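Shown next, in C-alpha cells, is the structure this report addresses.
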Amino acid sequence: MSRAGGDGTAALERAGAETVKRAVELDLASRFQESLVCYQEGIDLLLQVVKGTSPSAVPVPIPVPIPLPVLVRSPVPREVPVPGWPRCGGHRPARFGFAGTKDEAKKQRYRQKISEYMTRAEDIKKHIEKEKQDGKYHKQIRIEENATGYSYEKLFQEYLTEIVSEVWVEDPYIRHVHQLYNFLRFCEMLVKGPCKVKTIHLLTSYDEGSGRNQQTSGLEEIKQSLRNYGVMLNVSFSSSIHDREIRFNNGWMIKIGRGLDYFKKPEGRFCIGYCDFDLRPCHETTVDVFHTKHTKKM
C-alpha cells in the first residue's frame, strides 16, 4: 500500500470513529434525530474503510454509559473505534484516496461494529416514527447569531413531502417590505415543490403606521401571482396575534422564535448573501419542530 493510500485510510478510520462516537453521545442524550444522522454518516465512512483499510489503526474500546430505556430492542453500542475528528459530517469519503488491504481480521471487526450501529440506527428510526404517530415528536434547532446556511429550503424542505397541499402561516410581522419579500420567498419555495400546495393561509397583523397600503397591496400582488400557479392565498388579520408558527397538512408544525424574519439586513445591495439566503447571516433564534396527528385549522 502506498504511503498516500495508508494516510487516506487512517484519516477515514478516524473520521468514521469520531462520527459514530458522536452518534453514541447524541443517542445517550436522547437527541435521536441528530444521532440517526451521525450513525448513518459513520456507517458510510466505516463501510469505506472495510473496502480499503490500513492495518495500522486497531479499534480501541471506549466505554459509554448505560443507554436510556427509551429504545428497548438494541443497546447503545458499548464501544467505538479510537476517535480522531471533531464532528459528524465534517469530512466526506470522496476526499480520500486509499488502497485496499488483505487484513480480513480487521474487516471482520469493522463489519461487526457496522452491524451493531445499523441495528441501533434502525431502532432509532422506528422510535422517531412512533413519536410522529403519537404526536410526541420534537426537534429543536438553535440558530446562532450571524450563522449562515439556514435558508427556507434548508429549514423546511425535509417536511414538505409530496402529500402537502395546504399550509398555514401565523406571523404577526408580515408588514414591511423586507418581511413581504420573506413571505414571497417562502411561497416560491412551496411552488417549486416537491409538494403540491393548493392553498396557503396567512394570519398576520396590520401595519400600524403609514405602510398599511403598501402591506395590503403587496399581499394582494403575491396573491395574484400565486393564482397563476394554481395556488390560493387566503389572508386574514388579527390585532392580538403574537405567536409564530407554520403548519403543513401532513402533520408537521414549525415554530420559529422570530418567524420568517430571522435574516439580517444585507450590508449592501451587491453583497454576497443579498440573493442567496443560505449565505445571509441570521439573527439568533430557536426553531422547534413538532409532528401531530391532526393539524389544527385557523
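Since the structure is predicted, the reported quantities are computational estimates derived from the model, not experimental observations.
- Using a 4.5 Å heavy-atom cutoff, the side chains of Y117 and L46 are in contact.
- Taking 4.5 Å as the limit, every side-chain heavy atom of L190 sits out of range of all side-chain heavy atoms of L226.
- Between the OG1 atom of T286 and the CD atom of E144 there is a distance of 8.5 Å, given to the nearest 0.5 Å.
- For R185, there are no salt bridge (charged side-chain N to carboxylate O under 4.0 Å, His left out) partners, not counting sequence neighbours.
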With ring-ring contact (aromatic ring centres under 6.0 Å, His included) as the test, would you mind laying out the steps for F263 and F277 before giving the verdict?
CA-CA 8 Å; F263 296 104; F277 274 27; 4.3 Å; yes
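- Side chain of T19 to main chain of A15: a donor-acceptor pair is present (N/O by atom type, distance under 3.5 Å, no hydrogens or angles).
- Note on M189 and Y229: same hydrophobic cluster, where clusters join Ile, Leu, Val, Met, Phe, Trp and Tyr whose side-chain heavy atoms are under 4.5 Å apart, directly or indirectly.
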Derivation and outcome, side-chain contact (heavy atoms from CB on, under 4.5 Å), residues V49 and L45:
CA-CA 7 Å; V49 173; L45 289 165; 5.8 Å; no
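- Of the possible donor and acceptor atoms, one in the side chain of S35 sits under 3.5 Å from a partner among the backbone N and O of A23.
- Judged as a ring-ring contact (aromatic ring centres under 6.0 Å, His included), not a single pair has a partner in residues 10-31 (not counting sequence neighbours).
- Formation of a donor-acceptor pair under 3.5 Å by the Q179 side chain with backbone atoms of H176 is found in this model.
- E162 CD: 12 or fewer foreign heavy atoms inside a 6.0 Å radius.
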Pair I43, I114 - check side-chain contact (heavy atoms from CB on, under 4.5 Å), show working.
CA-CA 6 Å; I43 289 167; I114 289 169; 4.0 Å; yes
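- Rounding to the nearest 0.5 angstrom, the gap separating the CD atom in Q48 from the CD atom in E13 is 12.5 Å.
- Legend: residues meeting side chain to side chain contact (heavy atoms under 4.5 Å, CB included) with S165, ordered by chain and number and at least two apart, are N249.
- Closest heavy-atom contact between S238 and L203: CB-CD1, 3.9 Å.
- For K223, there are no salt bridge (charged side-chain N to carboxylate O under 4.0 Å, His left out) partners, not counting sequence neighbours.
- In terms of hydrophobic clustering, with Ile, Leu, Val, Met, Phe, Trp and Tyr side chains grouped at heavy-atom distances under 4.5 Å, I128 and I254 are assigned to a common cluster.
- Counting only heavy atoms from C-beta outward, the side chains of F248 and V197 never approach each other to under 4.5 Å.
- At a threshold of 4.5 Å between side-chain heavy atoms, the hydrophobic network of Ile, Leu, Val, Met, Phe, Trp and Tyr places L184 and Y173 in two separate groups.
- Legend: residues meeting salt bridge (charged side-chain N to carboxylate O under 4.0 Å, His left out) with K192, ordered by chain and number and at least two apart, are E153.
- When the side chains of ILVMFWY residues are joined at heavy-atom separations under 4.5 Å, either directly or via intervening members, V177 and V235 end up in a single hydrophobic cluster.
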For K21 and E25: C-alpha separation, side-chain torsions, deciding distance, then whether salt bridge (Lys or Arg N to Asp or Glu O under 4.0 Å) applies.
CA-CA 6 Å; K21 179 176 182 289; E25 291 171 350; 2.7 Å; yes
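- For residues 205-220, no residue pair satisfies the salt bridge (Lys or Arg N to Asp or Glu O under 4.0 Å) rule, not counting sequence neighbours.
- The OG1 atom of T119 sits 8.5 Å away from the CD atom of E122 when rounded to the nearest 0.5 Å.
- Aromatic ring orientation, Y262 versus Y152: perpendicular (interplanar angle above 60°, classes split at 30° and 60°).
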Checking Y150 against I141 for the side-chain contact (heavy atoms from CB on, under 4.5 Å) test, could you report, in this order, the C-alpha distance in whole Å, the side-chain angles of both residues, the deciding distance, and whether it holds?
CA-CA 10 Å; Y150 290 98; I141 303 166; 4.0 Å; yes
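- Here L202 contributes atom CG and S236 contributes atom OG; the two are 8.0 Å apart, rounded to the nearest 0.5 Å.
- Screening residues 177-197 for ring-ring contact (aromatic ring centres under 6.0 Å, His included) gives F156-F186 as the qualifying pairs, with residues at least two apart or on separate chains.
- F290 and H138 have parallel rings, their planes meeting at less than 30° on a 0 to 90° scale where 60° marks the start of perpendicular.
- Residue pairs meeting the salt bridge (Lys or Arg N to Asp or Glu O under 4.0 Å) criterion with at least one partner in residues 278-287, sequence neighbours excluded, are K154-D278.
- Among all heavy-atom pairs drawn from Q157 and P194, the shortest one is NE2-CD, 3.2 Å.
- W168 and I163 are members of different hydrophobic clusters when ILVMFWY side chains are connected at heavy-atom separations under 4.5 Å.
- To the nearest 0.5 Å, atoms CG (D27) and CD1 (I124) are separated by 4.0 Å.
- Just one residue in the list R109, E116, R111 forms a side chain to side chain contact (heavy atoms under 4.5 Å, CB included) with K113, and that residue is E116.
- Applying the side chain to side chain contact (heavy atoms under 4.5 Å, CB included) rule to E158 yields the partners Q33, K139; only residues at least two apart in sequence or on another chain are considered.
- Applying the salt bridge (Lys or Arg N to Asp or Glu O under 4.0 Å) test to residues at least two apart or on different chains, the pairs with a partner in residues 257-270 are E145-K264.
- The ring pair (Phe, Tyr, Trp, His ring centres under 6.0 Å) test applied to H242 returns no partner, not counting sequence neighbours.
- A donor-acceptor pair under 3.5 Å is absent between the side-chain atoms of H283 and the main chain of I143, judged by distance alone.
- Every residue meeting the side chain to side chain contact (heavy atoms under 4.5 Å, CB included) condition with L180, not counting sequence neighbours, appears here in chain and number order: I174, L219.
- Here the side chains of I256 and R244 are not in contact, with every heavy-atom distance at 4.5 Å or above.
- By the 4.0 Å N-to-carboxylate-O rule, E170 lies close enough to R247 to be salt-bridged with it.
- Using a 4.5 Å heavy-atom cutoff, the side chains of L47 and Y110 are not in contact.
- Taken to the nearest 0.5 Å, the CG atom of N250 stands 9.0 Å off from the SG atom of C195.
- Within 6.0 Å of CD1 on I272 lie no more than 12 heavy atoms contributed by other residues, nucleotides or ligands.
- Two residues are said to be in side-chain contact when any heavy atoms from C-beta on lie closer than 4.5 Å; I246 and L260 meet this criterion.
- Two residues are said to be in side-chain contact when any heavy atoms from C-beta on lie closer than 4.5 Å; F237 and T204 meet this criterion.
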